[in-house]
Amino acid sequence: MGKTLEQIENQFDMVQILNENGEIVNEEAMPELSDDELKELMHRMVYTRVLDQRSISLNRQGRLGFYAPTAGQEASQLASHFALDKEDWILPGYRDVPQLIWHGLPLYKAFLFSRGHFVGNQMEGVNALSPQIIIGAQITQTAGVALGLKKKGKNNVAITYTGDGGASQGDFYEGMNFAGAYKAPAIFVVQNNRFAISVPVEKQSAAKTIAQKAVAAGIHGVRVDGMDVFAVYAAVKEARDRAINGEGPTLIETMTYRYGPHTMAGDDPTRYRTEDLDNEWEKKDPIVRFRKYLESKGLWSEEEENKVVDQAKEEIKAAIKKADEAPKQKVTDLIDIMYEELPNNLREQREEYSAKESK
Amino acid sequence: MTVAINTKKMTLVQAVTDGLRTMLEEDERVLLLGEDVGVNGGVFRATDGLCEAFGEERVIDTPLAESGIVGTSIGLAMNGFIPIVEIQFLGFIYPAFNQIMTHATRIRARTKGRFTVPMVIRAPYGAGVRAPEIHSDSAEALFTHMPGIKVVVPSNPYDAKGLLIASIEDPDPVLFLEPMKIYRAGKGEVPEGKYTVEIGKGNRLKEGEDVSIFAWGAMVKVAMDAAEKMEEKGVSCDVIDLRTLYPLDKDIIAETVQKTGRAVIVHEAPLSGGVGSDIVSLINDTSFLYMRAPIERVAGFDTPMPFFNLEDDYIPDSTRVQKAIEKAVSF
Ligand SMILES: Cc1ncc(C[n+]2csc(CCOP(=O)(O)OP(=O)(O)O)c2C)c(N)n1
């Protein structure tokens with residue numbers, strides 16, 4: 001007789017390194033990070049929290065459009081990204097704009113993306129694809145991007161992000177399976193924030209964990225505390241090393257929570273989450289515990305934090321200004337980029353529209 | 001058709017909810033399935049209160065997988081249930097395309113009626129709510145080109161409920177498209193209880209002599225606005241809300257153009273391969289010698305629905321429709 005389902009599931013207990021009190025509870029697994037790196041990671045987390053707060057209020061003022069809040073998920077998003085190389089490829093979900101920004105996407109472009117301006121999707125020089133709207137589609141593509149990196153002999157990986165809901169899509173299984181079959185250097189991160197809009201993760205699957213789904217694909221799977229920068233960083237670092245060594249892809253499930261609504265388009269979390277659950281998760285806050293840790297090492301202070309907050313606010317202001325200055329997009333701009341060479345139907349439509357636009 | 005006595009003022013989305021409620025009450029084989037349709041009542045609140053009223057066994061929050069939702073529903077339908085599937089936005093139906101194209105539409109013929117798929121797929125569609133990419137697609141023509149399914153599009157609360165109930169009672173699969181731009185655009189009188197609006201029948205919204213205007217969904221308002229403006233200029237318009245895109249109401253199409261001799265078709269979807277082309281063909285088939293001017297089509301251009309910053313430029317507006325009418329009458 002093989003292992004029981006329970007035995008398999010129990011292999012995916014959550015890995016934690018930094019607990020809620022900012023204490024290291026798993027010294028062995030602690031990743032190597034220099035003081036400067038630690039401070040840089042904290043800088044990014046604080047900055048991104050400010051960006052989230054500002055984005056929400058800019059959205060409420062009508063100055064931003066589509067926005068999916070990120071507060072609560074900073075460790076999952078930024079510590080996973082921190083383990084990457086600039087040349088690695090990111091295939092993000094719609095909530096993963098922070099990783100794009102820290103991968104080199106100028107802030108004003110992130111704002112233009114939010115405003116439904118196509119310059120926001122033009123990310124020249126950044127090894128990343130546009131935030132995915134069709135949940136799951138990026139996951140199979142990741143297998144392909146990773147396979148391409150391997151064929152080209154690059155020492156780089158492709159990483160993709162989805163949510164607990166996204167792990168139900170067929171594309172999720174296909175992507176992991178393909179990457180596994182090719183031993184492609186891919187990393188699949190599932191940010192399990194417990195809800196897909198309103199649907200609790202328990203309704204997505206009978207599986208106790210998402211990480212265990214790696215077993216069927218024959219790839220590595222790990223479940224980490226997604227509010228813990230060190231656990232997330234260590235998991236991605238290890239996955240990346242393995243991938244580059246030709247040992248194939250990894251599935252990483254990060255246990256996290258989104259504090260805000262699903263998006264700013266009318267979602268009301270009180271319809272499907274209790275305040276108790278919100279409070280329980282806010283106690284696990286990734287920034288609070290990282291701050292405690294850094295302070296105990298003498299690496300962080302209120303002063304430093306305020307400096308980051310001020311810097312973020314200023315840069316956000318400047319980026320909004322720059323986004324405001326972006327030329328109004330035109331129908332003809334879109335027609336022009338549809339094909340390498342415009343077919344006749346579009347050429348005619350282009351003429352019709354350019355006459356209208358020149359008025 | 002049952003004659004209902006009392007009416008209530010409701011929005012289009014409320015009329016949808018009311019239709020769903022009516023049929024959940026009427027027939028215990030009816031099930032609702034979809035993402036967020038349960039506790040949350042749907043992202044547009046189209047299933048608001050239904051999970052509370054009918055329980056999680058009948059109003060089912062599914063895992064996030066459109067192919068799974070539609071495939072499971074096909075299985076339920078073949079096994080005696082009447083699943084009503086919500087696809088959160090029409091643009092998310094593509095992962096389920098295979099299940100619809102290769103199975104839902106073919107099972108009756110494949111099994112010579114041993115199995116049938118009395119399923120309704122509901123989906124908000126179209127632009128105008130400033131949603132991100134792909135949320136605003138008008139992909140109706142992909143499905144009108146799919147033998148074995150019917151495609152229905154209401155443009156007002158009364159039709160929404162009546163057509164929805166007719167779709168649920170239809171023994172074959174129906175794609176029921178809900179124009180999200182006008183979900184809450186205004187209220188209309190909706191009868192309480194059960195009534196149906198026949199599938200496959202267009203509706204004349206305005207009587208006129210000079211030109212026929214065809215529209216559906218959110219474009220009906222645009223067509224009506226253009227017709228009223230042209231009326232002030234002395235052009236009399238016959239406005240037809242097609243309501244069903246497959247099968248098209250050939251009779252009303254022939255009848256109106258044989259009267260006016262001119263036609264303008266308005267749709268939000270890209271021009272090439274759009275349902276407008278089918279209407280042109282039907283006019284050609286039935287009324288070629290009656291026509292006094294080339295048929296005009298006012299449509300989206302041949303790109304995906306652009307990011308929402310541009311959607312107002314993409315969607316046909318009253319001015320564009322008026323121009324087309326002018327062109328038709330001055331030919
Ligand atoms: C194919 C597809 N189906 C449905 C949607 C609508 N939708 C957007 S986000 C979402 C929930 C996603 O939940 P999850 O994957 O857990 O990620 P989270 O939003 O929690 O980060 C849904 C159903 C979509 N964008 N794409």
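To find a chain, count down the sequence lines: A is the first, B the second, and so on, and within it residues start at 1.
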Nearest 0.5 Å, please: how far is [atom2] in [Y] from [atom1] in [X]?
X	Y	atom1	atom2	result
Leu112(A)	Asn309(B)	CG	CG	8.5 Å
Phe195(A)	Asn40(B)	CZ	CG	11.0 Å
Thr303(B)	Met338(A)	OG1	CE	5.5 Å
Asp48(B)	Arg271(A)	CG	CZ	4.5 Å
Leu334(A)	Phe307(B)	CG	CZ	8.5 Å
Asp36(B)	Ser198(A)	CG	OG	3.5 Å

Charged N to carboxylate O below 4.0 Å: is that the case for Arg45(B) and Asp268(A)?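 Asp268(A) and Arg45(B): not salt-bridged.
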
Determine which residues belonging to residues 113-124 of chain A lie within contact range of chain B, meaning some heavy atom pair is under 4.5 Å apart, and list them by number or answer 'none'.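 Contacts with chain B: Ser114(A), Arg115(A), Gly116(A), His117(A), Phe118(A), Asn121(A).
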
Any sub-3.5 Å donor-acceptor pair from Asp302(B)'s side-chain atoms to Leu346(A)'s backbone N or O?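 Not a single qualifying donor-acceptor pair exists.
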
Considering non-hydrogen atoms only, spot the tightest contact between Ala65(B) and Ser168(A) and give its length.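 Shortest heavy-atom contact: CB-O, 3.4 Å.
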
Would you name the heavy atoms of Ile133(A) and Phe92(B) that are closest together and state the gap between them?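 Residues Ile133(A) and Phe92(B), closest heavy atoms: CG2-CE2, 4.0 Å.
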
Which atoms of [X] approach chain B - backbone, side chain, both or neither, heavy atom under 4.5 Å:
X	value
Ile197(A)	both
Lys330(A)	backbone
Tyr94(A)	neither

Pull out the residues in residues 132-142 of chain B that come under 4.5 Å of chain A, heavy atom to heavy atom, sorted by number.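 If one takes a 4.5 Å heavy-atom cut-off, the residues of residues 132-142 of chain B near chain A are Pro132(B), Glu133(B), Ile134(B), His135(B).
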
Test Leu271(B) against Asn345(A) for side-chain contact (heavy atoms from CB on, under 4.5 Å), laying out the working first. CA-CA 9 Å; Leu271(B) 182 75; Asn345(A) 56 318; over 6 Å; no

Taking atom CD of Glu341(A) as the centre, does the number of heavy atoms from other residues, nucleotides or ligands within less than 6.0 Å exceed 12?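 No, CD of Glu341(A) has 12 or fewer neighbouring heavy atoms, counting only those of other groups under 6.0 Å.
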
Would the number of heavy atoms belonging to other residues, nucleotides or ligands and lying under 6.0 Å from CD of Glu57(B) be above 12?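 No, because the 6.0 Å sphere around CD of Glu57(B) holds 12 heavy atoms or fewer from other groups.
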
Which residues pass the ring pair (Phe, Tyr, Trp, His ring centres under 6.0 Å) test with Tyr314(B), sequence neighbours left out?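 For Tyr314(B) the ring pair (Phe, Tyr, Trp, His ring centres under 6.0 Å) partners, ignoring immediate neighbours, are Phe301(B).
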
Show me, pair by pair, the donor-acceptor contacts under 3.5 angstrom made by side chains of residues 66-75 of chain B, not counting sequence neighbours?
residue: Glu66(B); atom: OE1; partner: Gln169(A); partner atom: NE2; Å: 2.8
residue: Thr72(B); atom: OG1; partner: Gly68(B); partner atom: O; Å: 2.5
residue: Ser73(B); atom: OG; partner: Ile69(B); partner atom: O; Å: 2.8

If you count heavy-atom pairs within less than 4.5 Å of chain B, which of Lys203(A), Lys328(A), His262(A), Arg350(A) leads?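 The candidate making the most pairs under 4.5 Å is Lys203(A).
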
